[in-house]
Amino acid sequence: MSKPNFLSKLTGSFSTPADGNPTVAMVEAAYKAANLNIRYINTEVFPDGLQDAVNGARAMNWLGFNLSAPHKVSVIPMLDGLGESASIMGAVNCVVNRDGKLIGENTDGKGFLTAFSEVLSPEGKTICIFGAGGAARAIAVELALVKAKKIIVVNRNIERGEDLVDTIRTRTSATAEFIQWTPKFSIPAEVDAIVNATTIGMEQFEGKELDIDFNSIRSGMVVSDVIVNPPNTHLLQQAAKRGAVTIDGVGMLVYQGIIGIKYWTGLDSDQTVMRNALEEIA
Ligand code: NDP
């Protein structure tokens with residue numbers, strides 16, 4: 001009889017504060033289903049402790065870890081290299097231990113792209129993104145890297161919006177346009193798909209309605225939302241009423257988990273197991 005192996009490999013996330021992180025349930029369920037002796041732990045790391053936490057992960061030979069705000073940018077100088085899209089975005093949400101080197105990747109945009117591409121190929125499409133924060137940057141860069149024709153960024157804050165458009169123009173082959181958000185914003189006629197990448201729609205957020213003219217959503221248009229809780233946002237409900245094809249934020253969350261697990265372990269994890277784990281804690 002072979003002896004049991006009591007050495008666990010570690011993965012996890014550095015969060016501030018370490019509050020309810022749905023990724024934990026999802027990733028641990030995937031490991032368990034695959035019978036892997038790997039753990040995913042959500043740890044509380046404050047900004048002034050990030051360097052020590054990264055050193056600790058190195059010392060314990062962690063397979064990798066996720067980062068939430070505010071660590072996504074400040075971690076970069078502590079790493080040994082960056083993947084292409086993380087380097088363009090200037091943000092890392094997933095660190096991968098590759099032969100002892102800690103490499104920063106960004107799986108948020110890749111997770112979105114996987115869910116989006118199941119419905120529409122971004123190549124040659126004009127896509128309008130609401131928001132210019134971390135999620136919007138990740139999504140815009142990934143869409144541009146797979147040859148979307150044009151990215152339109154609509155945001156309240158001009159500086160953040162223009163900065164994202166500048167990144168797309170200078171670092172990818174897509175064209176990009178910034179439009180400052182005006183009340184009852186009307187979606188331009190050239191647009192094939194829209195993405196809500198703002199915080200609007202989140203349960204704990206007061207304003208749940210995107211300030212757009214919902215009648216400018218056309219039948220057949222693809223409308224996606226990054227919001228996970230609740231998944232069926234006001235935007236998606238309005239879009240469905242007008243015959244649009246809708247994509248909720250759960251697919252993005254599950255796929256970013258699947259991509260992270262693949263980077264860390266090589267495992268192709270079971271999507272159904274992960275979705276069920278999310279539903280159990282919802
Ligand atoms: P950021 O704080 O970086 O960006 C927030 C964005 O929302 C900004 O562009 C901000 O605009 C905009 N915004 C906030 N309030 C309003 C408002 N009242 N009207 C118009 N615009 C507004 O957040 P993140 O990008 O990190 O996250 C955005 C959302 O994405 C969150 O809900 C997060 O949970 C979700 N997310 C989902 C993932 C998934 O897997 N499904 C993965 C990652 C994130 P301005 O610049 O003008 O202030």
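As the structure lists them, so they are numbered: ligands from 1, and atoms in each ligand from 1. Basis for what follows: all heavy atoms, side chains included, without hydrogens, waters or symmetry-related copies. This one's a predicted model, so the numbers in the text were calculated from it and none came from an experiment.
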Handout entry: Proximity flag Ala132 to ligand 1, non-hydrogen atoms under 4.0 Å
Key = yes
So is [X] polar-close to ligand 1, meaning N/O to N/O under 3.5 Å?
X: Asp108; result: no
X: Gln256; result: no
X: Trp181; result: no
X: Ala197; result: no
X: Ala135; result: yes
X: Val226; result: yes
X: Met202; result: no
X: Val228; result: no

Nearest non-hydrogen atom to [atom] belongs to which of [options]?
atom: atom 31 (C) of ligand 1; options: Asp248, Thr199, Asn157; answer: Thr199
atom: atom 1 (P) of ligand 1; options: Ala138, Ala136, Gly133, Gly251; answer: Gly133
atom: atom 13 (N) of ligand 1; options: Glu209, Arg137, Arg156; answer: Arg156

Exercise for the section: Check the side chains of Thr107 and Tyr263 for a donor-acceptor pair under 3.5 angstrom, ignoring hydrogens and angles. Expected result: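 Short answer, no.
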Electrostatic pair [X]:[Y] at N-O distance under 4.0 angstrom:
X: Arg156; Y: Asp211; value: no
X: Lys147; Y: Glu123; value: no
X: Arg137; Y: Asp163; value: yes

Problem - Phe185 and Phe130 aromatic ring geometry - parallel, tilted or perpendicular at 30°/60° bounds - result: perpendicular
Practice task
Heavy-atom contacts with Ile227 under 4.0 Å: which atoms of ligand 1 show up? List them by number with element.
Solution key: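 That gives atoms 32 (O) of ligand 1.
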Exercise for the section: Identify, by atom number and element, the atoms of ligand 1 in contact range of Gly131, meaning under 4.0 Å from any of its heavy atoms. Expected result: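 Once the distances to Gly131 are compared, the set is 9 (O).
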Practice task
Could you give me the CA-CA distance, side-chain angles and deciding distance for Gln256 and Cys94, then say whether side chain to side chain contact (heavy atoms under 4.5 Å, CB included) is met?
Solution key: CA-CA 9 Å; Gln256 65 84 23; Cys94 179; over 6 Å; no
Practice task
Please report the C-alpha distance between Gln238 and Lys241 in whole Å, then the side-chain angles of each, then the deciding distance to 0.1 Å, and finally whether the side chain to side chain contact (heavy atoms under 4.5 Å, CB included) criterion is met.
Solution key: CA-CA 5 Å; Gln238 294 297 318; Lys241 271 189 205 165; 3.7 Å; yes
Exercise for the section: Please lay out, stage by stage, how Glu190 and Lys149 fare under the test salt bridge (charged side-chain N to carboxylate O under 4.0 Å, His left out). Expected result: CA-CA 11 Å; Glu190 65 186 306; Lys149 183 171 86 182; over 6 Å; no
Handout entry: Location of contacts on Ile200 toward ligand 1, heavy atoms closer than 4.0 Å
Key = side chain
Completion exercise
Note: Val250, heavy atoms under 4.0 Å from ligand 1, region reported as neither
Practice task
Decide side chain to side chain contact (heavy atoms under 4.5 Å, CB included) for Trp62 and Asn97; before the verdict, give the C-alpha distance in whole Å, the side-chain angles of both, and the deciding distance to 0.1 Å.
Solution key: CA-CA 7 Å; Trp62 281 36; Asn97 181 339; 5.8 Å; no
Exercise for the section: Answer yes if Val223 and Trp181 sit in the same cluster of Ile, Leu, Val, Met, Phe, Trp and Tyr residues linked by side chain heavy atoms under 4.5 Å apart, and no otherwise. Expected result: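 They do share one cluster, since a chain of ILVMFWY contacts under 4.5 Å joins Val223 to Trp181.
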